[in-house]
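I have placed the structure first, in the form of structure tokens, so that the comments after it can refer back to it.
Just so it is clear, the structure is predicted and the values come from calculations on it, not from any experiment. Numbering of residues begins at 1 and proceeds along the displayed sequence.
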Amino acid sequence: MSAVNRQIRLAARPTGEIDENTFTVTEEPIPQPSAGEFVVAVDYVSVDPAMRGWLDDVPSYIPPVGIGEVMRAHAVGTVVASENDKYPVDTVVSGPFGAQEYAVSDGHDIMVVDTDLAPAPTWLGALGFPGMTAYFGLLDVAQTKPGDTVLISGAAGAVGSVAGQIAKLMGCRVIGVAGGERKCSWLTDELGFDAAIDYKQGSIGRPLRAAAPEGVDVYFDNVGGDILNSALAQLRTHARVAICGAISGYNATTPPPGPSRYLSLLINRASMAGFIIFDYRRRYPEAQAALQAWIRSGQITAAEQVEKGDITAFGDTLAMLFSGANTGKLVLQIR
């Protein structure tokens, strides 16, 4: 055990992309557990697109990270000291430990991780919030049904890759949008998507019409922007649009324009709804059980891109999300 706890703290709110001035590294003594608490040595830090939104001091579904605060992050780690009988030493757990090397917890919002079922990084991806987001977004928000044509943007990311596989399990035709030939081939050749569209080749309008000539029943949106507009133009009657994220605009310095094709919702009597995974807190066990069964049976492939480094690599790893450098769930391994 090292003598100090290195932490990533928010130094300044970024304008546009994060840079070397956004975070600072601080050192504090390793925390000690009080009665009912335990200390976790963080092994893996989840790196997520939503983190960029948490850096802005604007109204949102969760308060922004404060200047000087440890960067909010979900993580997996190992209990190294404990005054809580439910979490003895050597227990592997996941929870909101933050971007730091050690964290103290009282057990709130903590889950014991079964590394016999899946490696620790998978519990930050397909078996964590991204997988559950895909599950509830498809089943509850989009009301996906067998036979639907499902379009997913950001399809090679943590949420999109799982959403597409769940839709295939349901008997849907699945079209993914991703950036680059390699990612598109991965979607079709390894994950079983029916078609993939490379947005880096230009507007997706024409290839989308070719892939879904009768239109789209479900659009699972992770990116917003021009891709959302193209998807709206290709909706079928009574289509459902689930707004999960809008990563294309997260670094924008001015508010992105709204979708210009929104009248398609009226013409097609379609619906569009946003959702937040935290709203489904009471139903996490339902999603967990389904996802674990699918992974155990090999029906879903969990994909993580694990970047190795120490905690000081957090900022550079986060920046990878916005350059399209990741495939699947991005995780920073610090031990």
Test side chain to side chain contact (heavy atoms under 4.5 Å, CB included) applied to Tyr87 and Ile110, step by step: CA-CA 10 Å; Tyr87 303 95; Ile110 301 301; 3.8 Å; yes

Identify the heavy atoms of [X] and [Y] that sit nearest to each other, and give their distance.
X: Gln165; Y: Gln299; answer: OE1-O, 4.2 Å
X: Ala134; Y: Ala163; answer: CB-N, 3.5 Å
X: Met132; Y: Ala287; answer: CG-CB, 3.7 Å
X: Val39; Y: Pro33; answer: CG2-CD, 3.5 Å
X: Gly176; Y: Phe193; answer: N-CD2, 3.6 Å
X: Ala319; Y: Ile18; answer: N-CD1, 3.9 Å

For the residue pair [X] and [Y], establish whether any side-chain heavy-atom pair is separated by less than 4.5 Å.
X: Val331; Y: Gln305; value: no
X: Trp123; Y: Leu117; value: yes
X: Tyr219; Y: Leu228; value: yes
X: Leu10; Y: Thr22; value: yes
X: Leu208; Y: Val216; value: yes
X: Asp56; Y: Pro64; value: no
X: Asp194; Y: Thr188; value: no
X: Val65; Y: Arg72; value: yes

Shared ILVMFWY cluster between [X] and [Y], side chains joined below 4.5 angstrom?
X: Leu55; Y: Val25; value: yes
X: Tyr44; Y: Val112; value: yes
X: Ile30; Y: Ile8; value: no
X: Val113; Y: Val89; value: no
X: Val70; Y: Ile62; value: no

If you count every heavy atom of other residues, nucleotides or ligands that lies below 6.0 Å from [X] atom [atom1], does the total exceed 12?
X: Asn84; atom1: CG; result: yes
X: Tyr262; atom1: OH; result: no
X: Asp189; atom1: CG; result: yes
X: Arg206; atom1: CZ; result: no

Roughly how far apart are [X] [atom1] and [Y] [atom2], rounded to 0.5 Å?
X: Glu17; Y: Tyr250; atom1: CD; atom2: OH; result: 15.5 Å
X: Arg296; Y: Leu291; atom1: CZ; atom2: CG; result: 11.5 Å
X: His74; Y: Ser94; atom1: NE2; atom2: OG; result: 4.0 Å
X: Ile197; Y: Leu151; atom1: CD1; atom2: CG; result: 6.5 Å
X: Leu332; Y: Met320; atom1: CG; atom2: CE; result: 10.0 Å
X: Trp186; Y: Leu191; atom1: CH2; atom2: CG; result: 4.5 Å

Can you tell me if [X] and [Y] form a side-chain donor-acceptor pair at under 3.5 Å?
X: Ser46; Y: Asp48; value: yes
X: Glu286; Y: Gln288; value: no
X: Glu304; Y: Thr122; value: yes
X: Thr78; Y: Asp43; value: yes
X: Thr26; Y: Arg9; value: yes
X: Gln100; Y: Asn5; value: yes
X: Arg182; Y: Thr327; value: yes
X: Asp221; Y: Ser153; value: yes

Using a strict threshold of under 4.0 Å (side-chain N to carboxylate O), is an ion pair present between [Y] and [X]?
X: Arg6; Y: Glu27; answer: no
X: Lys183; Y: Asp198; answer: no
X: Asp217; Y: Arg173; answer: no

Given the side-chain rings of Phe278 and Phe129, with only the six-membered ring counted for Trp, is the space between their centroids under 6.0 Å? yes

Establish, yes or no, whether a centroid distance under 6.0 Å links the rings of Phe314 and Phe23. yes

Using only atom types and a distance under 3.5 Å, with no angle test, would you say the side chain of [X] pairs donor to acceptor with the backbone of [Y]?
X: Asn326; Y: Gly328; value: yes
X: Lys329; Y: Val47; value: yes
X: Arg240; Y: His238; value: yes
X: Ser230; Y: Ile227; value: no
X: Arg209; Y: Ile204; value: no
X: Asn229; Y: Arg261; value: yes
X: Gln143; Y: Leu139; value: yes
X: Arg335; Y: Val42; value: yes

Steps toward side-chain hydrogen bond (donor to acceptor under 3.5 Å, both in side chains) verdict (Asp310, Thr312): CA-CA 5 Å; Asp310 58 32; Thr312 64; 2.3 Å; yes

Assess the residue pair Ile152 and Val150 against the criterion (side chain to side chain contact (heavy atoms under 4.5 Å, CB included)); give the C-alpha distance rounded to whole Å, side-chain angles, the decisive distance to 0.1 Å, and a yes or no. CA-CA 7 Å; Ile152 300 171; Val150 177; 3.9 Å; yes

Take Val76 and Val93 through the side chain to side chain contact (heavy atoms under 4.5 Å, CB included) test and state the conclusion after the steps. CA-CA 6 Å; Val76 168; Val93 292; over 6 Å; no

Anything under 3.5 Å between a donor and an acceptor, one on a side chain of residues 266-274, the other on a protein residue two or more places apart or in another chain? List them.
{"from": "Asn268", "atom 1": "ND2", "to": "Ser264", "atom 2": "O", "distance (Å)": "3.0"}
{"from": "Asn268", "atom 1": "ND2", "to": "Ser264", "atom 2": "OG", "distance (Å)": "2.9"}
{"from": "Arg269", "atom 1": "NH1", "to": "Ile267", "atom 2": "O", "distance (Å)": "2.6"}

For Tyr102 and Val40, what are the C-alpha separation, side-chain angles and deciding distance, and is it a side chain to side chain contact (heavy atoms under 4.5 Å, CB included)? CA-CA 6 Å; Tyr102 295 89; Val40 173; over 6 Å; no

